[in-house]
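What follows is a set of notes on a single structure, which appears directly below.
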Amino acid sequence: MSDLLIKNASLLGGELADIRIENGKIAAIGASLTAEGVPVEDAGGRIAIPGLVDAHTHLDKSLLGYPWYKNEVGPRLIDKIDNERKVKRDYGLDAHVQSMRQSLQSVGYGTTLIRTHVDIDTDQGLIALEGVMETRRQLAGIVEIEIVAFPQSGLMRRPGTAELIDQGMAMGADLVGGLDPCGMDRDPKAHLDTIFAIAEKHGKGIDIHLHEGGELGAFSMEMTFERIRAHGMQGKVAVSHAFCLGMPDWNASQALIDTCAELDVPILTTAPPSREVPSLKRLRSAGVRFGAGVDGFRDTWGPYGNGDMLERAMLLGMKNNLRRDDELALALDVCTTGGAIAMDRAGHALEVGGRGDVVLVEGETLGEAIVTHAPRKLVVTAGNIVARDGKSLRDRP
């Protein structure tokens, strides 16, 4: 934790003010603030936003630092999963090195909080988890990293995976992951019963990848709702992607959205242009917690992306047809304070008492800052300066 005084910042594109951070928290916001013996940074009128939040990514999958990967993978989900396991073996991929590279690149873009899904399977065991946990340890004070123990290759279809997930939770993973209970494991009852039992055993939450669309995805969500009620896990189970909430039948999707609100099920999107996705406005209107993430990028799944959550706010706005400046501000909120709330992190906002995570962005208005997403002038995590001019102060391996 550190102390810092930021002068002449435009708060979320509004009035100029000073921000004083003490012991890692925002202690005061106002005009002509002083702080004797404290480092001072002049924002020069630049826009200050809260730290960006990447609520859904895969730090262990990145091929950053490697030559360009020529993707010739088949179209099915299982094609991508099987190919990735092979490439990881062939490359001897080091999850610690790769997660350091991606995390520090994201820090340069202003991300101060990350939720990453880390592969655990019967091929690689817990190696990837160990690597990302070491990255989390080394980057403490630079970026917060929350880890999901994720059965990317399936759970019931690969006996022994459930036991490894259980071990991963005992080692220090933060949440239990799940993946397409019908489409991947073809045994939704066993899949969901298993991940809820592991979560209950360790007193942790759950984050389920749900790529299943339409009625199949709705069926998996309804089975998930049943177990949330049975285990009393309201507010502890998130659903990532949730493509079924973008189904054309609005009556059916609205019923699912309303139940997400009732059971406090956060939805985490990556706003991919290739799929129907949950509607930002409909979820917000229903009171559903909503976050966003960059997903994987520069990996065996696809080449797109760079880790910039400000760019992701633009893509979220484009996918949701947000055009007005106040609508763009909604997209940014999903990628900052709203994403932190979806991750059960309170106080991630530019307000007195909030965590001292501040990013200075370029633009005459907040809308311009989002759509141009120019290099970040300054990134502050809990009062510590961690990046300048678009680059992390810690070198990537």
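Every heavy atom of this structure was used, including side-chain atoms; hydrogens, water molecules and symmetry mates were not. Residue numbers run from 1 in the order of the sequence given.
- The cluster map of Ile, Leu, Val, Met, Phe, Trp and Tyr, joined by side-chain heavy atoms under 4.5 Å apart, puts Val53 and Tyr109 in different clusters.
- A salt bridge is defined here as a Lys NZ or Arg NE, NH1 or NH2 lying under 4.0 Å from an Asp or Glu carboxylate O, and Glu41 with Lys377 fails to meet this definition.
- In terms of modelled atom types and a separation under 3.5 Å, the side chain of Glu200 and the main chain of Phe196 share no donor-acceptor contact.
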Candidate pair Asp119 and Glu84, rule side chain to side chain contact (heavy atoms under 4.5 Å, CB included), full reasoning: CA-CA 11 Å; Asp119 290 3; Glu84 181 183 51; 3.3 Å; yes
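- Using a 4.0 Å cut-off between charged nitrogen and carboxylate oxygen, Glu362 and Arg46 count as a salt-bridge pair.
- Cluster membership for Met223 and Ile208, using ILVMFWY side-chain heavy atoms within less than 4.5 angstrom, is shared.
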From CA spacing to verdict: salt bridge (Lys or Arg N to Asp or Glu O under 4.0 Å), Asp54, Arg115: CA-CA 6 Å; Asp54 184 351; Arg115 174 180 289 184; over 6 Å; no
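- Here the side chains of Met184 and His191 are not in contact, with every heavy-atom distance at 4.5 Å or above.
- Proximity of a side-chain donor or acceptor of Asp121 to a complementary backbone N or O of Gly154 within less than 3.5 Å is not detected.
- A salt bridge does not link Asp3 with Arg20: none of the charged nitrogens is closer than 4.0 Å to a carboxylate oxygen.
- Shown here are the side-chain hydrogen bond (donor to acceptor under 3.5 Å, both in side chains) partners of Glu215, two or more places apart in sequence or in another chain: there are none.
- The six-membered or imidazole ring of Tyr66 lies near that of Tyr91, with a centre-to-centre distance under 6.0 Å.
- Between Asp389 and Lys391, no side-chain nitrogen of the basic residue sits less than 4.0 Å from a carboxylate oxygen of the acidic one, so the salt-bridge criterion is not met.
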From CA spacing to verdict: salt bridge (Lys or Arg N to Asp or Glu O under 4.0 Å), Asp42, Lys7: CA-CA 5 Å; Asp42 190 344; Lys7 304 283 289 183; over 6 Å; no
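- Salt bridge present: Arg284 and Asp333 bring a charged side-chain N and a carboxylate O closer than 4.0 Å.
- Between Asp174 and Arg136 there is a salt bridge, with a side-chain nitrogen of the basic residue lying less than 4.0 Å from a carboxylate oxygen of the acidic one.
- Clustering ILVMFWY residues whenever any of their side-chain heavy atoms sit less than 4.5 angstrom apart, transitively, puts Phe150 in a cluster other than the one holding Val176.
- Annotation: the span from Leu63 atom CG to Leu93 atom CG amounts to 6.0 Å, rounded to 0.5 Å.
- Listed by first and then second residue, the salt bridge (charged side-chain N to carboxylate O under 4.0 Å, His left out) pairs that reach into residues 338-348 are Glu144-Arg345, Glu146-Arg345, Arg289-Asp344, sequence neighbours excluded.
- Put simply, the side chain of Asp264 never gets that close to the backbone of Gln234: no donor and acceptor are under 3.5 Å apart.
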CA sep, side-chain torsions, deciding dist, call: Met133, Met171, side chain to side chain contact (heavy atoms under 4.5 Å, CB included): CA-CA 9 Å; Met133 288 180 67; Met171 285 170 55; 4.2 Å; yes
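- In this structure, His58 has its ring center at least 6.0 angstrom away from the ring center of Phe297.
- In this structure, the side chain of Thr116 engages the main chain of Leu59 through a donor-acceptor pair within 3.5 Å.
- One finds a salt bridge joining Arg158 and Asp123 here, because a Lys/Arg side-chain nitrogen approaches an Asp/Glu carboxylate oxygen to under 4.0 Å.
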Residue pair Gln102, Thr57: steps toward the side-chain hydrogen bond (donor to acceptor under 3.5 Å, both in side chains) verdict: CA-CA 10 Å; Gln102 181 175 329; Thr57 193; 2.8 Å; yes
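- Each side-chain hydrogen bond (donor to acceptor under 3.5 Å, both in side chains) pair with one or both residues in residues 313-322, not counting sequence neighbours, appears once here: Asn321-Arg323.
- Note on Asp90 versus Lys86: salt bridge recorded, some NZ/NE/NH1/NH2 to OD/OE distance being below 4.0 Å.
- With His96 contributing its side chain and Asp94 its backbone, the two residues share no donor-acceptor pair below 3.5 Å.
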